[in-house]
Enquirer: 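The structure follows.
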Amino acid sequence: MNKREDYLTWDEYFMAIAKLSAKRSKDPNTQVGACIVSKDNRILCCGYNGAPNGFDDDVFPWNRDGKPLDTKYMYVCHAELNAIINYRGSRKDFEGARLYVDLFPCNECAKVIIQAGIKEVIYLSDKYCGTEGNIASKKLFDQCGVKYTKFDSRNKTVNLEL
C-alpha cells in the first residue's frame, strides 16, 4: 500500500491556518489572518486583524469611510503585527521564519516583519498591488532580503474559504 497522495503541502497547511485565524476578526469588511512558521516547520504564532487589547470592539469604529478618527484605520492592529507581538518565546525564533498571510502586508507591517527577522512572506492576495503603500512594502522587502511569494496550491481542490 502506498501513502496517500492528497495530503496538504506545508504551504497549504500553514495558509489554511492563517485563513482560519482570520475567522476571529470582527471586522465586517476585511478579515486577515497570519501564521508565523519557524525554519523547521513549527508554528510559532498566529494573529488576525482587530481592536487592540482593552479597546471594546463593540464601540470600535469599524467604518471604512469618514473622518480618520471615525474609521478603523487609526486603531486596528493588523494580523501580522498581532502574530509578532503575541509571540511569547524568544525573538531569535523568528530568524529565518516564514509568515503566511492572506493579504500582502502593508508598509507598516513590512517594517515590523523585517525588524522581527522574518525572511519570507507567503501571501494569498495582492489586492492593493500598485498602491504607494504596496510599492513601499515591496521596496522594503527587496532592500532587506525578505522574499515574498504568492501562494500557489499544487492541489487546486484545497478549499481555503473555510
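We count residues from 1, following the sequence as given. This one's a predicted model, so the numbers in the text were calculated from it and none came from an experiment.
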Enquirer: Step by step, work out the ring pair (Phe, Tyr, Trp, His ring centres under 6.0 Å) result for Y123 and Y100.
Expert: CA-CA 6 Å; Y123 63 94; Y100 291 80; over 10 Å; no
Enquirer: Look at the side-chain heavy atoms of Ile, Leu, Val, Met, Phe, Trp and Tyr, link any pair under 4.5 Å apart, and say whether I135 and V146 land in one connected group.
Expert: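 Unlinked, I135 and V146 end up in two clusters.
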Enquirer: Take atom NZ in K139; do more than 12 heavy atoms of anything else shown fall under 6.0 Å from it?
Expert: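 Check fails, neighbour count at 12 or below.
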Enquirer: So do F14 and C46 actually touch side chain to side chain, heavy atoms under 4.5 Å?
Expert: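 In short, these two side chains do not touch, never coming nearer than 4.5 Å.
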Enquirer: Donor-acceptor check, side chain of S137 to backbone of C106, threshold 3.5 angstrom: yes or no?
Expert: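 Judged by distance alone, yes, a pair lies under 3.5 Å.
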Enquirer: Between D126 and N134, does the side chain to side chain donor-acceptor pair (under 3.5 Å) criterion hold? Intermediate values first, please.
Expert: CA-CA 8 Å; D126 198 359; N134 182 269; 2.7 Å; yes
Enquirer: Ignoring hydrogens and angles, state whether a donor on the side chain of Y48 or D27 is under 3.5 Å from an acceptor on the partner side chain.
Expert: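 The answer is no; no qualifying pair exists.
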Enquirer: Would you kindly confirm whether F60 and L69 end up in one hydrophobic cluster when ILVMFWY residues are joined by side chain heavy atoms under 4.5 Å apart?
Expert: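 Yes, because F60 and L69 connect within a single hydrophobic cluster, where side-chain heavy atoms sit under 4.5 Å apart.
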Enquirer: Would a 4.5 Å heavy-atom cut-off, applied to side chains only, mark L140 and I114 as touching?
Expert: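 Heavy-atom side-chain distance check passes, below 4.5 Å.
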Enquirer: Taking C-beta and beyond as the side chain, do E80 and V112 meet within less than 4.5 Å on heavy atoms?
Expert: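 The answer is no; the side chains never approach within 4.5 Å.
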Enquirer: Is D57 reaching over with its side chain to a backbone N or O of A51, donor-acceptor style, under 3.5 angstrom?
Expert: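 Answer holds: no.
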Enquirer: Checking the side chain of K150 only, and the main-chain atoms of L124 only, is there a donor and an acceptor separated by less than 3.5 Å?
Expert: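 Flag set: sc K150 to bb L124 pair under 3.5 Å.
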Enquirer: Does the pair V101 and V32 meet the rule for a side chain to side chain contact (heavy atoms under 4.5 Å, CB included), with working shown?
Expert: CA-CA 7 Å; V101 64; V32 179; 3.8 Å; yes
Enquirer: So does T9 get a backbone contact from the side chain of E12, meaning a donor-acceptor N/O pair under 3.5 Å?
Expert: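 Side chain of E12 to backbone of T9: a pair is present.
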Enquirer: Using side-chain contact (heavy atoms from CB on, under 4.5 Å) as the criterion, list what pairs up with R64, not counting sequence neighbours.
Expert: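 Expected list: N29, K72, Y73.
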Enquirer: Okay, side chain of N63, backbone of D70: is any donor-acceptor separation there less than 3.5 Å?
Expert: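 Indeed, once roles are kept as given, a pair shorter than 3.5 Å links the two residues.
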Enquirer: Hey, any chance V121 and L103 share a hydrophobic cluster, counting ILVMFWY side chains that come within less than 4.5 Å of each other, even indirectly?
Expert: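 Yes, same cluster.
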Enquirer: Any luck finding a side-chain donor-acceptor pair between D40 and S38 under 3.5 Å?
Expert: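 Present: a donor and an acceptor within the cut-off.
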Enquirer: Do F104 and Y148 have their ring centres less than 6.0 Å from each other?
Expert: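 Yes, the ring centres sit under 6.0 Å apart.
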Enquirer: Step by step, work out the side chain to side chain contact (heavy atoms under 4.5 Å, CB included) result for I118 and I84.
Expert: CA-CA 10 Å; I118 295 168; I84 291 167; 4.0 Å; yes
Enquirer: Would you give the length of the straight line joining atom SG of C129 to atom NZ of K127, rounded to the nearest 0.5 angstrom?
Expert: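 It comes to 13.5 Å.
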Enquirer: Once the angle between the rings of W10 and Y13 is folded into 0 to 90°, is it parallel (under 30°), tilted (30 to 60°) or perpendicular (over 60°)?
Expert: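 Ring orientation of W10 relative to Y13: perpendicular.
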Enquirer: When you look at F94 and I36, which way does the side chain to side chain contact (heavy atoms under 4.5 Å, CB included) test go after all the steps?
Expert: CA-CA 8 Å; F94 286 151; I36 302 173; 3.7 Å; yes
Enquirer: For a side chain to side chain contact (heavy atoms under 4.5 Å, CB included) check, start with the C-alpha distance between I43 and C35, then their side-chain angles and the critical distance, and finish with the verdict.
Expert: CA-CA 7 Å; I43 296 171; C35 179; 4.0 Å; yes
Enquirer: Same cluster or not: are L81 and F55 linked, directly or through other Ile, Leu, Val, Met, Phe, Trp or Tyr residues, by side-chain heavy atoms under 4.5 angstrom apart?
Expert: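 No.
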Enquirer: Which heavy atom of A34 sits nearest to which heavy atom of S21, and what is that distance?
Expert: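 What the structure gives for the nearest pair is O-OG, 4.3 Å.
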Enquirer: Main chain of A18, side chain of D102: is a donor-acceptor contact present, judged purely on distance under 3.5 Å?
Expert: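 Answer holds: no.
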Enquirer: Can you name the side-chain contact (heavy atoms from CB on, under 4.5 Å) partners of E120, sequence neighbours left out?
Expert: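 With neighbours one apart ignored, the set is R98, I122, K147, T149.
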Enquirer: So do the side chains of Q115 and C144 get within less than 4.5 Å of each other, counting heavy atoms only?
Expert: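 Heavy-atom side-chain distance check fails, nothing below 4.5 Å.
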Enquirer: So which heavy atom on P105 is nearest to which on A110, and how close?
Expert: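 Scanning both residues completely, I find the closest heavy atoms to be CB-N, 4.4 Å.
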Enquirer: Taking the side chain as every heavy atom from C-beta outward, state whether W62 and T71 have any pair of such atoms under 4.5 Å apart.
Expert: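 Heavy-atom side-chain distance check fails, nothing below 4.5 Å.
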Enquirer: To check you understand the geometry: which heavy-atom pair defines the closest contact between A97 and L44, and what is its length?
Expert: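 Scanning both residues, the minimum pair turns out to be CB-CD1, 4.4 Å.
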Enquirer: Can you see which heavy atom on G47 is nearest to which on A83, and at what distance?
Expert: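 Closest heavy-atom pair between G47 and A83: N-CB, 3.7 Å.
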Enquirer: Do you know which two heavy atoms are closest between N107 and A136, and how far apart they sit?
Expert: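 For N107 and A136, the tightest heavy-atom pair comes out as CB-CB, 3.9 Å.
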Enquirer: Has S25 got a side-chain atom pairing as donor or acceptor with A22's backbone, closer than 3.5 angstrom?
Expert: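 Such a contact is absent between S25 side chain and A22 backbone.
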Enquirer: Are M15 and V37 linked, directly or through other ILVMFWY residues, by side chains that come within less than 4.5 angstrom of each other?
Expert: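 Looking at the clustering, V37 is in the same group as M15.
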Enquirer: Which residues satisfy the side-chain contact (heavy atoms from CB on, under 4.5 Å) test with K39, sequence neighbours excluded?
Expert: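 Residues passing side-chain contact (heavy atoms from CB on, under 4.5 Å) with K39: none at all.
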